[in-house]
Number of protein chains: 2
Amino acid sequence: MILDGKALSNQLDVNMKAEVAELKATGLSPKLVVIIVGHDPASQIYVHNKHRKAIKLGIESIIERREADFTEAELLQLIDQYNCDDSVHGILVQLPLPKHIDEGKIIRAIDVHKDVDGFSPESVGKLFNNSHEHYPVSCTPKGIMTMLSHYHIDPKGQHAVIVGDSNIVGRPMGALLLNAGATVTYTHILTENLSAHTKTADILIVATGVAHLIKAADIKPGATVIDVGMDRDENGKLVGDVDYDHAKDVAGAITPVPGGVGPMTITTLMQQTIELAKVADHRTLQPVR
Amino acid sequence: MILDGKALSNQLDVNMKAEVAELKATGLSPKLVVIIVGHDPASQIYVHNKHRKAIKLGIESIIERREADFTEAELLQLIDQYNCDDSVHGILVQLPLPKHIDEGKIIRAIDVHKDVDGFSPESVGKLFNNSHEHYPVSCTPKGIMTMLSHYHIDPKGQHAVIVGDSNIVGRPMGALLLNAGATVTYTHILTENLSAHTKTADILIVATGVAHLIKAADIKPGATVIDVGMDRDENGKLVGDVDYDHAKDVAGAITPVPGGVGPMTITTLMQQTIELAKVADHRTLQPVR
């Protein structure tokens, strides 16, 4: 089974577009601000894609572009301006930032109620405590949970193995799976005999940035394989962290690259913008899972 | 090897007592407030032990005892009083609270800079993001890290398996081990074939509250076994979650119950009270591990 993130995200977009129209009709217009500092080419593309998606769904989108010499103090001031602006529901600072700016400080400067990326310590703490309140979650792992749910893959009682323990993907991914009742193993660069771990996974999440790190022989037959990688192979072709062509014959379900996890990330960002708008406006919300 | 938490905590107490005396000589007197609501017998003992230990080390200790019908509003007011009191460095509300009080709300009411238990979402988030700032951590898992370090057991590259994923022990324990470079597996009540997981552990942490859940056959020969349990067996005897008498012949290192993890928890609480006092007074601090 191919887990088609592109098709699912298109389907979710249709629902979101309708929901945004409804919200606007009742006086609530979800609004997202994306701040980008400098000219990192990949970041430019991501920001452009977010803007395009927001516009398509009827979400108000502001892109604040600043030169690479924009200071930390100026950035803090810009964030504060949007923190104070009640018409704005989500604030996202595109990472990475230039080296002269402290990313942790910037993330903590964003009002926790507008932290649409779910990167603030408070949101992360709620996630890891499986809090029953609403909190935003890092978009890539949350999008993966949406995809698993859509394909009726229930992590409860399953063994999930995470390869790569970044704060943006691996760690929150493990917390979401743990909260959903999975047994969770975190593996990473220091893990010895990685294959011995990945071969025990019912659900294998790979987020390392190493092209084709995971081969067919590293996968338990029938496992669900989620590939977060967006790498370039020796010919410059976009590939994942999983050797898809061979892995697909072993896995029970697998995400392609591109068209798997990627589209779900942006769609989740839009979902969370709408959620934050509804929370800010005291509207009813589905419980977090 | 027996990991003697009692002996280690006594040794650390000697150092702390000297440090507290030094701090007092320079005008800084660490002060801890413990609030207990109701008459839970186990909680009474814990609070008494904390008070006695603080006094022994020269740490100022205030116990606020309230009847079981103390309201949530009254408790919030009491916390606020100590939040505003600059002479107080740590505030601990003994759990569990009576059912009419929302524990999450109470924990979040404690000033994050006085959250000596490390239970606030912000502290938990910093832990799970492996933040480089200072933050308090739940005392039991932090005490276990101190014990591992003392006995030169380095988690880096080791496979640590956690049995029990509570917010107070299992989850922060896994985060500390992950931050120290271990491969970490979280197992819990929904885990299938628990023994298959525990048998792969180089470091096995058991915190379930089930007497003698883990037998010798569940342990990899030579593994480090940390038993957080404080259970009663059928004869009313205090035992751990691990069948110590048989497990000790398989394990490479093991904590006894009592005299293992327990004493380290209280000692860690005192360490964190001192740390919070030093942070509040802008004094130099050892980096967090």
Side-chain angles (χ1 to χ4, degrees), chain A residues 102-105 107-108 112 115 118-133 135 137-138 154-163 165-168 170-172 174-175 177-194 196-198 200-202, chain B residues 102-105 107-108 112 115 118-133 135 137-138 154-163 165-168 170-172 174-175 177-194 196-198 200-202:
Chain A
D102 178 346
E103 283 188 358
K105 197 169 173 181
I107 286 169
R108 283 194 305 281
V112 68
D115 165 37
F119 290 168
S120 74
E122 198 175 321
S123 297
V124 170
K126 286 178 183 170
L127 170 63
F128 277 90
N129 276 351
N130 198 11
S131 168
H132 293 297
E133 300 162 79
Y135 51 87
V137 178
S138 182
D154 184 358
K156 191 169 171 177
Q158 303 276 295
H159 185 202
V161 176
I162 319 284
V163 186
D165 70 336
S166 73
N167 286 344
I168 293 176
R171 289 185 178 219
L177 288 163
L178 195 57
N179 293 349
T183 300
V184 172
T185 298
Y186 285 103
T187 70
H188 44 71
I189 193 96
L190 296 172
T191 295
E192 289 170 18
N193 201 354
L194 178 62
H197 291 283
T198 59
T200 67
D202 302 308
Chain B
D102 178 346
E103 284 188 359
K105 198 169 173 183
I107 287 168
R108 284 194 305 281
V112 69
D115 165 38
F119 291 168
S120 74
E122 198 173 320
S123 297
V124 171
K126 286 178 182 169
L127 170 63
F128 277 91
N129 276 352
N130 198 11
S131 167
H132 295 297
E133 299 162 81
Y135 51 87
V137 178
S138 182
D154 184 358
K156 192 169 168 177
Q158 302 276 296
H159 186 203
V161 176
I162 320 285
V163 186
D165 69 336
S166 74
N167 286 343
I168 293 177
R171 288 185 178 218
L177 289 163
L178 194 58
N179 292 349
T183 300
V184 171
T185 298
Y186 285 103
T187 69
H188 45 71
I189 192 93
L190 296 172
T191 295
E192 290 171 17
N193 201 355
L194 178 61
H197 291 283
T198 60
T200 67
D202 302 308

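Note: hydrogens, waters and symmetry copies are ignored here, and every other heavy atom, side chains too, is used. Below, chains carry the letters A, B, ... as their sequence lines are ordered, and counting in each starts from 1.
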Quick check for you: among [options], which has the greatest number of heavy-atom pairs under 4.5 Å with chain B?
{"options": "A:Ser123, A:Gly125, A:Ala182", "result": "A:Gly125"}
{"options": "A:Thr200, A:Val124, A:Thr183, A:Val161", "result": "A:Thr183"}
{"options": "A:Val184, A:Ile162, A:Val112, A:Asp165", "result": "A:Val184"}

Exercise. With a 4.5 angstrom heavy-atom cut-off, could you sort out which part of B:Asn193 is near chain A: side chain, backbone, both or neither?
Key: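 Neither part, no heavy atoms under 4.5 Å.
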Quiz item: So which part of B:Ala160 gets closer than 4.5 Å to some heavy atom of chain A, the side chain, the backbone, both or neither?
Solution: neither
Below 4.5 Å from any heavy atom of chain B, which atoms of [X] appear? Answer side chain, backbone, both or neither.
{"X": "A:Ala196", "answer": "neither"}
{"X": "A:Leu127", "answer": "backbone"}
{"X": "A:Lys156", "answer": "side chain"}
{"X": "A:Asn129", "answer": "both"}

Contact check, side chains of [X] and [Y], non-hydrogen atoms, under 4.5 Å:
{"X": "A:His188", "Y": "B:Leu178", "answer": "yes"}
{"X": "A:Tyr135", "Y": "A:Asp115", "answer": "no"}
{"X": "B:Phe128", "Y": "B:Arg171", "answer": "yes"}

Quiz prompt | Non-hydrogen atoms of B:Thr191 and B:Thr187 that approach each other most closely | solution =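 Minimum heavy-atom separation between B:Thr191 and B:Thr187: OG1-CA, 3.3 Å.
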Self-check item: Interatomic distance, A:His159 atom NE2 to B:Thr185 atom OG1 [nearest 0.5 angstrom]
Solution: 5.0 Å
Practice problem: Please round to the nearest 0.5 Å and tell me the distance separating atom CZ of A:Arg108 and atom CD of A:Glu103. | Solution: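 Taking CZ in A:Arg108 and CD in A:Glu103, the distance rounds to 11.5 Å.
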Exercise. Heavy-atom pairs under 4.5 Å with chain A are the metric here; pick the option from B:Leu190, B:Asn130, B:Ile189, B:Asn167 that has the most.
Key: B:Asn167
Quiz item: With distance as the sole criterion, is a donor-acceptor pair present between the side chains of A:Glu133 and A:Ser131 under 3.5 Å?
Solution: yes
